[in-house]
Number of protein chains: 2
Amino acid sequence: MNIYDVSQKAGVSIATVSRVINGSSNVSEKTRQKVLTVMKESGYTPNVFARGLGLNTMQTIGIMCSDSSDPFLANAVYYLEHSLRSNGYDSFLCCTGQELQDKKKYLKLLLSKRVDAIIMVGSQYLETSKKDNHYILDAAKTIPVMLINGYLAAPNVFCTLCDDYQAVYDATGRLCFDNRKQILYLYNSRSYSGQQKLAGYKAAIANAGLPADDRLILHCPKQIQEATAQISAAVAAGLTFDAVICAEDSLAVAAMKHCRQTGKQIPEEVSIIGYNNSELSICCEPELTTIDNHVETLCTTTVSNLMQVLGGTAVPGRTTLSNDLVIRGTTRNVQK
Amino acid sequence: MNIYDVSQKAGVSIATVSRVINGSSNVSEKTRQKVLTVMKESGYTPNVFARGLGLNTMQTIGIMCSDSSDPFLANAVYYLEHSLRSNGYDSFLCCTGQELQDKKKYLKLLLSKRVDAIIMVGSQYLETSKKDNHYILDAAKTIPVMLINGYLAAPNVFCTLCDDYQAVYDATGRLCFDNRKQILYLYNSRSYSGQQKLAGYKAAIANAGLPADDRLILHCPKQIQEATAQISAAVAAGLTFDAVICAEDSLAVAAMKHCRQTGKQIPEEVSIIGYNNSELSICCEPELTTIDNHVETLCTTTVSNLMQVLGGTAVPGRTTLSNDLVIRGTTRNVQK
DNA sequence: ATAGAAAATGAAAGCGCTTACAGAAAACAG
DNA sequence: CTGTTTTCTGTAAGCGCTTTCATTTTCTAT
């Protein structure tokens, strides 16, 4: 069943059928109805390939995500897909992993599939070396690139970020206000947003008049068990702390495990703050105080920006959204 | 840059270039190299639309998944994508949600995109009413449909399942062996695999000579907090138990929360077993004994079956894999 | 060398759709 | 009822690729 068959059944030319399919206004109402009826009755679906060949667009957006088993990213992908769909676009998901080479490969793949734009979710897509970001700029020469939680100033690249600096600054400030003196900072990624978070931490420490102590800044693996071991090793080597702020909820869970294993009471002796307000944060006991970065808003904003870009409307290169601190059971004020 | 340009630069006809692209054997080595060089130098990529038009295939598999934020499904999607990719196929992911209408819509969408096959991951795709599964059979008339964790006997439908019945039977048996007498069963989904699990539970209970008590079978929401509330409500209404076996890890976490809130010691007073061996299971304290259903194997097996189907090799309609019980800290033998 | 078989190549006809252009029908004014 | 617009419809030329079929080149065995 192709457009020709439809045109025959409806007694018109294929051009007219095509016009009906594409909603062209140059079709009389009577003809339109006739064609629509035939299409419905015969269950006709236009061939996407032929359509793509003619229009050179597939109404499809490529989504790149480093790891869909990361809860934050999985959620983001979910919201992105839905938001795109409700705007009439389909999506093409790639789970790229962390390797630069793979990212390049998948990006090329998406370009070869002729997607209309690319959304990269996760700051993992920004390499520390500027030269390594070149593959993104290359893609942006062809189609718009949307970056979630990363920032790259370049033409045709549009970024949506949450204000990680401010969020960590505020959260750390709260720990200081609660009279914590040795605030441990756990992080996993050195990405753009990772740097922002760290900067927020440092600024808050300085602002509270606490000494800057690099031993309190600990890089951890993402996996809970490994991270727990890392913390325990640091403690065995002399590290002490009375609060922890983490760049990810999973690290906060690791910190909680460590505390439980070593008998430190939460929140009496140690306050802990996570990041992402993920499912993990309400699995623990006590439940985790954490920073909510509003994944859904992040995603819908990105898609709405993208729609504007595709529609030819100008959009700022960077859109920043704010976060909230969700207070639960792992933080408490201590009397000095 | 199209195939014509390449053919000109290489001094051959477009037919020859096409043969090189498609790895046809009827090209002399010298010509092949010449063409390959030109393609590389000019960065040429074949246009997928034109290619699809000619070949009527896109080398793309549609993946349907009800909710990519579910850790089990997210993992599955990840493994599926990778496995497909390494077999030269791209994938097209749809997060359909639970609504039958949406599932139908997305399935239609995938068909209209001319995917070469469809993988449905999660038993959510099998409705209790047989008529509601008709949309799957319709799709199977056109392209192969692979079902993960669901079973539907139909031509061109191929199912990969883990042996949920046996897994729950064994796990429940172990609780019996540990002298537990009131084994609570928590489940969320009434899907095919959900039914299998429940049947395994009932059979084990019967086999151990314990009385069948429907009050011990509790349907819970998936969300941890809601599930916890549900359990607490049942307990307030008179429910007692000394062991819990769950159809999902999240329900086990909920059970643990309930126990902690009501002061029941795990595993001294209550044993708990989860399902999926997800990240959740090592977040809790003590860590959760759980059933590992080997997502990765499930996915690679499915893809490998699919490749055979696409290659024209016969494949059984059902492939069943076995599970393992991973013993951690939430189970213990009690002396009677 | 040469007939015959095998391998390599090219010309051209689609694949199903969009769209520029031209022509027909309808609408309108006088 | 004619001449002029305006609206609608059809014809045909692509879009970039695959593939059949015919043709040319190369190889093999005599």
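Owing to the predicted nature of the structure, the values given are computational and were not obtained by experimental measurement. Residue numbers begin at 1 in each chain, while the letters A, B, ... track the order of the sequences.
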Heavy atoms, side chains only, cut-off 4.5 Å: are [X] and [Y] in contact?
{"X": "A:Y192", "Y": "A:L161", "value": "yes"}
{"X": "A:R51", "Y": "A:I21", "value": "yes"}
{"X": "B:Y4", "Y": "B:V17", "value": "no"}
{"X": "A:M146", "Y": "A:I118", "value": "no"}

Can you tell me which nucleotide in [options] comes closest to the side chain of [X]?
{"X": "B:V27", "options": "D:dT18, C:dT9, C:dC15", "value": "C:dT9"}
{"X": "A:A15", "options": "D:dT11, D:dT18, C:dT18", "value": "D:dT11"}
{"X": "A:N22", "options": "C:dT9, C:dT18, C:dG10", "value": "C:dT18"}
{"X": "A:N47", "options": "C:dG16, C:dT19, C:dA11", "value": "C:dG16"}
{"X": "B:T31", "options": "C:dT9, D:dG16, D:dC8", "value": "C:dT9"}

Remember a base hit wins even if backbone is also touched, and classify [X] as base, sugar-phosphate or nothing at under 4.0 Å, heavy atoms.
{"X": "A:S28", "value": "sugar-phosphate"}
{"X": "B:V17", "value": "nothing"}
{"X": "B:T16", "value": "sugar-phosphate"}
{"X": "B:N2", "value": "sugar-phosphate"}
{"X": "B:N26", "value": "base"}

Review point. Mapping B:R32 and B:A50 onto DNA chain C by nearest heavy atom, which one lands closer to the 5' end?
Key: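 It is B:R32, whose closest nucleotide lies nearer the 5' terminus.
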Rounded interatomic separation in angstrom, taking [atom1] from [X] and [atom2] from [N]:
{"X": "B:L55", "N": "C:dG14", "atom1": "CG", "atom2": "C1'", "answer": "13 Å"}
{"X": "B:F49", "N": "D:dG16", "atom1": "CZ", "atom2": "C1'", "answer": "11 Å"}
{"X": "A:Y4", "N": "D:dA12", "atom1": "OH", "atom2": "C1'", "answer": "14 Å"}
{"X": "B:L53", "N": "C:dT18", "atom1": "CG", "atom2": "P", "answer": "11 Å"}
{"X": "B:E29", "N": "C:dT9", "atom1": "CD", "atom2": "P", "answer": "11 Å"}
{"X": "A:R51", "N": "D:dC15", "atom1": "CZ", "atom2": "C1'", "answer": "14 Å"}
{"X": "B:I14", "N": "C:dG14", "atom1": "CD1", "atom2": "P", "answer": "15 Å"}
{"X": "B:I3", "N": "C:dG10", "atom1": "CD1", "atom2": "C1'", "answer": "13 Å"}

Review point. Just one of B:L298, B:N305, B:V303 clears the side chain to side chain contact (heavy atoms under 4.5 Å, CB included) bar with B:T301, so which one?
Key: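 Only one of B:L298, B:N305, B:V303 forms a side chain to side chain contact (heavy atoms under 4.5 Å, CB included) with B:T301, namely B:N305.
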Review point. Which heavy atom in A:L84 sits nearest to a heavy atom in A:S91, and how many Å separate them?
Key: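 Looking at all heavy atoms of both residues, the shortest contact is CD1-CB, 3.9 Å.
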Check your understanding: So which one's nearest nucleotide on DNA chain D is more toward 5', B:R19 or B:T45?
Key ->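 The answer here is B:T45.
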Review point. Any side-chain N or O of B:Y44 less than 4.0 Å from the OP1 or OP2 oxygen of D:dC17?
Key: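 Answer yes for this pair, as a side-chain N or O of B:Y44 is under 4.0 Å from OP1 or OP2.
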